[in-house]
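Read the structure below first, then the notes.
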Amino acid sequence: MSTSTPTPAAAPAPAPDEIVVYPARLVRTMDPARPVAEAVAVRGDRVVAVGTLDELRAYGPVTVDDRYADAVLLPGFVEAHSHAMSGSSWDKVYVGRFERTSPDGRVWPGCEDVAAVVDRLRAAEAELDDPDAPLLAWGLDPIYFPGEELAARELDRVSTTRPVHVQHASGHIVAVNSTMLRLAGVDRGTDVEGVVKDAAGDPTGELQEFAAMGLVMAHVGAGNPMVTTPAALRAFAQDAVNHGATTLTDLGSVEVAGPAGPATYLETVDETFPARLSVFHFGSAGALSGPPREAAARIAAARELSTDRLQLGHVKLMLDGSIQGFTARLMEPGYLGGRPNGIWAMAPHEFEEALTAFHVAGLLVHVHCNGDQATQLFVETLERVLTAHPRPDHRHTVTHSQMTTPAQYRRMAALGMCANIFANHVWAWGDQHMDVTVGPDRAARMNAARTALDTGVPISLHCDTPVTPLAPLETVQHAVTRQTPSGRVMGEHERITVGEALHAVTLGGAYMLKLDHEVGSIEPGKYADLAVLADDPMAVEPDRIGRIAVLGTVVGGRHHASTVHATVTASSAPAPALAGAR
Amino acid sequence: MTARLSVLGGYLGAGKTTLLNGLLDTAGGRRIAVVVNDFGTVNVDRRLVRSATADTLELSDGCVCCTLRGEVADVMTRLARRDDLDHVVVEASGVADPAGLATWGRFPGLAPGPTIVCVDVTRITRWRRDPYVGDLVERQLARADVLVLTRTDLAAAETVAAAEAACLALAPGARVVRSRGGDVPAAVLLDDVAQDLAPAPVGIDPHRSESVALQGLVDVPRLVARLGRTPATLVRAKGFVRDARSPGVRTLVQLAGGRVEVTHAGPWAADDVPGLVLVAAGPDARAVLASTASGLRATALTGTASSGTAPSDTVSRTLGAPLPVA
Ligand SMILES: [Zn+2]
C-alpha cells in the first residue's frame, strides 16, 4: 500500500502538453460507454481517454505514472450541499456521538456517554497554554444520553479556573461550567428565560435559546461564523480531499451579493486549491439588502467572475427548519404526538417574489425543504413561476427533500426539478425519526431516493456538513442500506443500488450544479478529477462502503494526498462507530 | 436607565413597518431603538442622522435604528449595554413567533415590555384559513399583549368587530388598539396610555363626504391623474376599484396628504363594492365633492363591464405588492 501513497499537494503539475497515463487496479468511470478501464490518460487538467495501456499509447508519447497502480479510481465525488464554514468547526473540540475526522486527518471517536465527553474535554484542556483562554467544544447531542446530565457540575470536572463552553448539536443550547457562569455574572438572581435552574434556584449551567446563550457570548470570543476565511476554505477543501470529493458547494453564502463581495473566494480558490467550489448565494429575506431583483443582478454579475475552480452565480433559498428540531413544515398528519407544526423561514409571498426574481434573471435556485409542506409550497410556486416565465433546463432543486411524497416527485418530474436527498439522515437521526419525530410509517418513506429515481427525478445525495460529516462513500452506504444506528432498516423500499448511489454523488450532483459537462464522470474532455480509493465500492459489502479508505484526490490533473493516514489500513478493521452503536 | 423591550410581530403586510415609522414620528422625547430587518423600511431620509455604521443609525432626536443582518445576539447585547434608551422595539419577521425575541426582555440591561402584534382586519380571515400560514398567524396572535388592528378604515364596521372578536379569542388578555393609517402614537403603544382615538373609527370624521360608485373596469392611471388635479380641500379619497389591467384584484386607491397611492390588496371578493369615498373640507366642500365625483366617473371608467374573476394564481402573486402609479 505504501507505494500508492499520492505525492503531496505541493508537487508541480505535469507539463500541459504531456500525456500522463495512470494505470490503476480499476478505473470505474460512471460513463456507460466505457464503465471500467485499466488506466486513465490525462493531459494538463483534462482526461484524454480511458482504456488499456496499449490503447492509451495510441494517443502519442505518454509517460506512465504508477502511483495509483494499486488503487481504484472513480470520478471525484460531487458534494452538492455543504457549507464552507464547516472548515472552522475544528477550531473547537468535537464531542459528538459519532466518529468524525477533522481535516488535519485526526480521527475523533464518538463520545458514547457523558464520561467520554468529560474525558475528551479534560485532555483538550491540558493542551491549552493560555490559562485564561476559554475551552470551546461543539457537537454535543444529549439525545443519545438519556438520563444523564451534562452541565456545570460535570464541566467543573474539566476546569474550575478556565471557562468551558459546550455547544449542543442542535445549535439552540449550550452547557457551561461554573467559572463561565461566574464570569458572565449568571447566578440565582438572573431572571432570563432559558437559564435552567435546579430545585434550589441556582443555574445548572444549561442555557437554552439565544437570549440565555447570549449571556456568556462575550466570554466565548468567537468570530462571526457567517464570514468565510481563507483558513476555513482550505480546511474545508482538505476535508474533501480526505473523502474523495473534488467538487464542493458552499450552499448559502451571504457574501457574494453583499458588501464583502466574492473577494475571499476569488483569492483563496486558485488553481492550487484542492477542490472545485460552487458558491450559492443565500437569497432569503434578511440575508439580502434590498429587493431580490437587485440581488439577482449582483449575483448574475458575480457569475461572470467564475473560474475553472470557482463557480459563482447560483442561489439558495430556505423555506423551513429541521425535522429533528420540529421546525420543518409538515403536511397532515404532522408530527408524532400532535406537536405543533414547524416554522417558515420565508413567507410564501416573499418566497414567490424571490424565486421569480432569481428565475427570471436566469439563475439556478436550490431551495431548502425538509418537510413535505415546504416541498409542496416550492412545487406549487414554481409551477406558477414557470407558467408565467417558461425557461428551458432550469434544474431548480429541492435540497434535503426529506419528506417529499411520491405525488410531489411526479409533479417535480413534470416541472423539470431535481432532488438533492439528505441520505445521511437515515444514519444520523433515523432512530429518532422512527421513534420520536414522525413515527415508523412516515420514517420509512423519508429520503425517498428509490421513488425519486422511479418517477424520473434526477437526484444527488448530500451531507450538509457540518451537520453530518462530509464523506460521500458513507452517504452512498446510507442510501443503499438505510440502516440506522440501532440496526433497524428505515424503509427497505427506498433503498437504491450501489451503482445508482454512486451515480447520484458524481454525475447526479454535477447535473444539479450545471457542471455535468465538466465533472462527474471520467470521460474524454472532462476535467481530470478523480477519487483515489483503496477499494471498489461495487465490490465490497454495502455496509462496508463507508469504511473504504480514501487515499486522496486528483483535481484538474493535480494530486492531493489525504491527511488521514491512520485509517488507510482500517478498511479491514471493524468500524468503531458501527460496532459501538448496536 | 433600563430600556423596555417590545417585540412587534404580525404576518407579512400586517402594517408593522407603518407602525414603526409612526412610533419614531411620535417618539416625543422618548429615546426609542428600533431593530428592523432592513434599513430600507424606515423613513430615515426625513430624519437627521447623527452617525451611521453598517448596521446602526443614531438619529438626532436620540432614537436609534439597527438592522438584524448579523446575529440577533450581537445587536441585542449591544443595545442592552446602553443606558440612554427608554424603549427597544424589535420588528419580528413576518413569519416569526414573537415569543422567541421576547425572551430578550429579561436580558440584563433590558426589561420586558408588551408584545405588539399587528392584524390587518381586511385580510386576517383569509390568512387564518391559509393552509401554509394559518397556524403561524394564529400563533402570532396568541402572543399579543397589544393587538393593533390595522386598515380599519378599509373595512366595514362588522368586519372590524369580527376581526377584533376573533383575535381576542386567541389572545384573551390583550389590549386592542385600532389604527387607521399606522397612526398609533408611541404613548399608546409603549406606555400603556389609553387610546384616545374614537372607539369606532370606521365612520368618516366631521368633514363632508360622498361615495362615488365606480362600477365596471377602471383606467387606474387616468383615475390617479384626475385625483392628482383635485383642489387641496379634497383632503382624502379612498376605496377599492377594479383595474382594467388586473380585474381580479382589489386595487386600493388612496389620496392622502396630497399624494395618491395605489396598492393591491388581495383578490376581488364577490361582495366588494367598487368606488371611492371622498372627503372634503372647507366652505365649498359640497361643490368640490360634486365636481370630483363627476370628473372621476367621466375619466376613469373604461366602459367595460366587469364580470367574473381572474384566476386565483394571478391574485396570490400580487397580494400586497405596491404598484407603480401611472
Ligand atoms: Zn445546509
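- Neither the backbone nor the side chain of A/E353 comes within contact range of chain B, judged by heavy atoms closer than 4.5 Å.
- Residue A/E380 qualifies as enclosed at atom CD: its count of foreign heavy atoms under 6.0 Å is above 12.
- Considering every non-hydrogen atom in both A/M217 and B/A73, the closest pair reads SD-CB, 3.6 Å.
- The minimum heavy-atom distance between A/N341 and B/R139, with the atom names listed, is O-NH2, 2.7 Å.
- Between the side chain of A/E193 and the main chain of B/A102, no donor-acceptor pair closer than 3.5 Å is present.
- Looking only at side-chain heavy atoms (C-beta outward), B/D135 and A/P340 stay at 4.5 Å or farther from each other.
- For the set A/T381, A/V195, A/L215, A/T190, the entry with the most heavy-atom pairs within less than 4.5 Å of chain B is A/L215.
- Looking at B/T103 and A/E209, their side chains never come closer than 4.5 Å, going by heavy atoms from C-beta outward.
- Expressed to the nearest 0.5 Å, how far OH of B/Y132 lies from CE of A/M331 amounts to 8.0 Å.
- Remark: B/D130 CG to A/H349 NE2 distance equals 12.5 Å, nearest 0.5 Å.
- More than 12 heavy atoms of other residues, nucleotides or ligands lie within 6.0 Å of CZ in A/R391, so this atom counts as buried by the packing criterion.
- Here the shortest heavy-atom pairing between B/V95 and A/W344 reads CG2-O, 3.2 Å.
- Contact record, A/P348 with B/Y11: CD-OH, 3.3 Å, taken as the closest heavy-atom pair.
- In B/R78, the CZ atom is crowded: over 12 heavy atoms of neighbouring residues, nucleotides or ligands sit closer than 6.0 Å.
- To the nearest 0.5 Å, atom CG of residue A/D191 and atom CZ of residue B/F107 are 13.0 Å apart.
- Scanning all heavy atoms of the two residues, the minimum distance from B/T77 to A/G214 falls at CG2-O, 4.0 Å.
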